[in-house]
Engineer: 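Just passing along the structure, written as structure tokens.
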Protein chains: 2
Amino acid sequence: MTVSKTAEKSSEKPGDGAKGRKDAAEGLPEALQLGELSEQLGYVLKRAQLKVFENFLRCVASLQLTPAQFSVLLLVEKNPGRNQTEIASTLGILRPNFVALLDNLESRDLCARIRSTNDRRSHILVLTDKGKAVLTRAKKLVATKHESRLNELLGQANREALLGMLSKIANEF
Amino acid sequence: MTVSKTAEKSSEKPGDGAKGRKDAAEGLPEALQLGELSEQLGYVLKRAQLKVFENFLRCVASLQLTPAQFSVLLLVEKNPGRNQTEIASTLGILRPNFVALLDNLESRDLCARIRSTNDRRSHILVLTDKGKAVLTRAKKLVATKHESRLNELLGQANREALLGMLSKIANEF
DNA sequence: CGATAATTGTTATGGATCATATCAAATATC
DNA sequence: GATATTTGATATGATCCATAACAATTATCG
């Protein structure tokens, strides 16, 4: 967390090598220099992602939804009748790891597995009434508390540009 | 990983609800609709971050460096003489988890722990000669193969704008 | 048709990452 | 000098990510 605090005042020299500089006597904590790190795409991307997830969790804390769970609900709502493999793979989740995630949503009566009639191997996924209601509330919370935060921070135009560039990276990098 | 691959060999169908429609006869794979998911900041951020880390690993594969290890080397080079707690905390790494990371770098003779003379509790961190050489090569690989990829994809101006917005999110969200 | 291959959901499992509690040694504080 | 704090370290658990393997079902094709 305490990362890019952007070096406030480096009045003194940073590295003291091995010979002494009494910190307690001098007082200044002396922030580190990030240097080229702040220009590294991966570094800044990861930090931003952590902050965004953290904020997301706070915003929907009342509904007890993680970003992954929210994305599953969104995708199932938009594509009702798909099976586990389809939903999981489009989210980049491996099938084995998707089982526990679904178990959780199903145990909370947000989502249901239904045996397909034309392929009795697969489980068709649908949202329950409660799942739809929770998702609706989640969308509202995310829109008003989470995504709106971006507009305040970047402005509408920049926000759209950012999403566009990130999508491009996600798809074409 | 296999997310936005736009459904290659999935011989499935879209929403068939519970009643059957034979897919094998029809043919079309019919990709899922991402819907609002593609507008979710967290979703697209995470996907982009995974792609970028993946690409980073490929680019510096010859040096066997992870993004985290690279960031440690960069920060120690820029701030020689700092101790483990300082380096770890500015990277957002908890002290206990930083130990194994450092053990690795030290075992490969890229970094060294030196007992501080004025505080014999702390370990001063410095890069070894080999560490400096490896970091120099890593920087070159990252600049020419990794970061340059962004310019090709977004252009110089957009790349800078992207980094600026991500930094803002990382610091102010 | 029937033997074989492939798919679906699942379990088991291991690795990597992340967080907390705790400890000994050294230092700071009062 | 007694107590508290800091530093690096260990142990441990949670969570996430990836692979192998399995039973049930379906597809393939000889």
Side-chain angles (χ1 to χ4, degrees), chain A residues 1-3 20-27 29 42 46-47 49-50 53-54 57 66-69 71-72 81-89 91-106 111-125, chain B residues 1-3 7-13 16 20 22-27 29 46-47 49-51 53-54 57 64 66-69 71-72 81-89 91-106 111-125:
Chain A
M1 309 302 189
T2 33
V3 61
R21 164 195 31 140
K22 305 285 289 305
D23 193 12
E26 313 269 331
K46 176 98 177 275
R47 296 235 85 88
Q49 186 258 314
L50 288 175
F53 268 42
E54 193 181 317
L57 287 174
T66 67
Q69 292 167 342
S71 68
V72 170
R82 297 296 193 139
N83 64 26
Q84 296 184 197
T85 298
E86 292 171 311
I87 298 293
S89 76
L91 287 176
I93 302 174
L94 294 172
R95 274 71 77 217
N97 299 329
F98 193 55
V99 173
L101 210 172
L102 256 193
D103 286 347
N104 183 335
L105 294 180
E106 200 174 24
C111 181
R113 294 183 238 226
I114 304 177
R115 290 227 93 99
S116 172
T117 56
N118 50 332
D119 186 344
R120 311 222 323 272
R121 289 170 300 185
S122 60
H123 289 167
I124 293 309
L125 298 182
Chain B
M1 311 298 192
T2 31
V3 61
E8 3 180 320
K9 58 155 188 177
S10 55
S11 59
E12 301 97 1
K13 55 281 168 185
D16 67 339
K22 304 285 288 306
D23 182 22
E26 314 266 334
K46 176 98 178 274
R47 298 234 82 90
Q49 186 257 315
L50 289 175
K51 270 289 179 66
F53 267 43
E54 192 182 316
L57 287 173
Q64 286 282 92
T66 67
Q69 291 167 342
S71 69
V72 170
R82 298 295 192 138
N83 66 25
Q84 296 184 197
T85 297
E86 292 172 308
I87 298 292
S89 76
L91 288 175
I93 302 174
L94 295 172
R95 276 69 78 217
N97 300 328
F98 193 57
V99 174
L101 209 172
L102 256 193
D103 287 346
N104 183 335
L105 293 179
E106 200 173 25
C111 181
R113 292 183 240 227
I114 304 177
R115 289 227 95 98
S116 172
T117 56
N118 49 331
D119 186 344
R120 308 220 328 270
R121 289 171 298 186
S122 59
H123 289 166
I124 293 308
L125 298 183

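A, B, ... follow the sequence lines: proteins, then strands. Residue 1 opens every chain.
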Engineer: Quick one: side chain to side chain donor-acceptor pair (under 3.5 Å) partners of A/Asn97, sequence neighbours excluded?
Structural biologist: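 Applying side chain to side chain donor-acceptor pair (under 3.5 Å) to A/Asn97 gives none.
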Engineer: Calculate the interatomic distance between B/Glu106 atom CD and D/dA9 atom P; express it in whole Å.
Structural biologist: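 Rounding to the nearest Å, CD of B/Glu106 and P of D/dA9 are 8 Å apart.
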Engineer: How many whole angstroms separate atom CZ of A/Arg120 from atom P of D/dA27?
Structural biologist: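 Roughly 12 Å, once rounded to whole Å.
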Engineer: Do the side chains of B/Ser71 and B/Thr66 get nearer than 4.5 Å, heavy atoms only?
Structural biologist: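 Answer no - side chains too far apart.
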Engineer: Measure all distances between protein nitrogen or oxygen atoms and nitrogen or oxygen atoms of nucleotides 12-18 of chain C, and list the pairs falling under 3.5 Å.
Structural biologist:
residue, atom, partner, partner atom, Å
C/dC18, OP1, A/Lys46, NZ, 3.3

Engineer: Rounded to whole angstrom units, what separation is found between the CZ atom of A/Arg115 and the C1' atom of D/dT26?
Structural biologist: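 Result: 13 Å.
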Engineer: Counting only side-chain N and O atoms of B/Arg95, is one of them less than 4.0 Å from OP1 or OP2 of D/dG8?
Structural biologist: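 Looking at the OP1 and OP2 atoms of D/dG8, neither is under 4.0 Å from any side-chain N or O of B/Arg95.
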Engineer: Check whether A/Arg113 reaches the backbone of A/Asn83 with its side chain - one donor and one acceptor, N or O, closer than 3.5 Å.
Structural biologist: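 The answer is no, because no donor-acceptor pair under 3.5 Å joins these two groups.
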Engineer: Once salt bridge (charged side-chain N to carboxylate O under 4.0 Å, His left out) is applied, do any residues pair with B/Arg120, and if so which ones, sequence neighbours excluded?
Structural biologist: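 Expected list: none.
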Engineer: May I have the distance from A/Leu101 (atom CG) to D/dT15 (atom C1'), rounded to whole angstrom?
Structural biologist: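 Between C1' of D/dT15 and CG of A/Leu101: 12 Å.
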Engineer: Under the side chain to side chain donor-acceptor pair (under 3.5 Å) rule, collect the residues that match up with B/Gln64, sequence neighbours excluded.
Structural biologist: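 By the side chain to side chain donor-acceptor pair (under 3.5 Å) rule, B/Gln64 matches no residue at all.
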Engineer: Protein-nucleotides 5-7 of chain D N/O pairs closer than 3.5 Å?
Structural biologist:
residue, atom, partner, partner atom, Å
D/dT6, O4', B/Arg121, NH1, 3.4
D/dT6, O2, B/Arg121, NH1, 2.8

Engineer: Taking side-chain contact (heavy atoms from CB on, under 4.5 Å) as the test, write out the residues that go with B/Phe98, two or more places apart.
Structural biologist: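 So B/Phe98 forms a side-chain contact (heavy atoms from CB on, under 4.5 Å) with B/Val72, B/Gln84, B/Ile87, B/Ala88, B/Ile93, B/Leu101, B/Leu102, B/Leu125.
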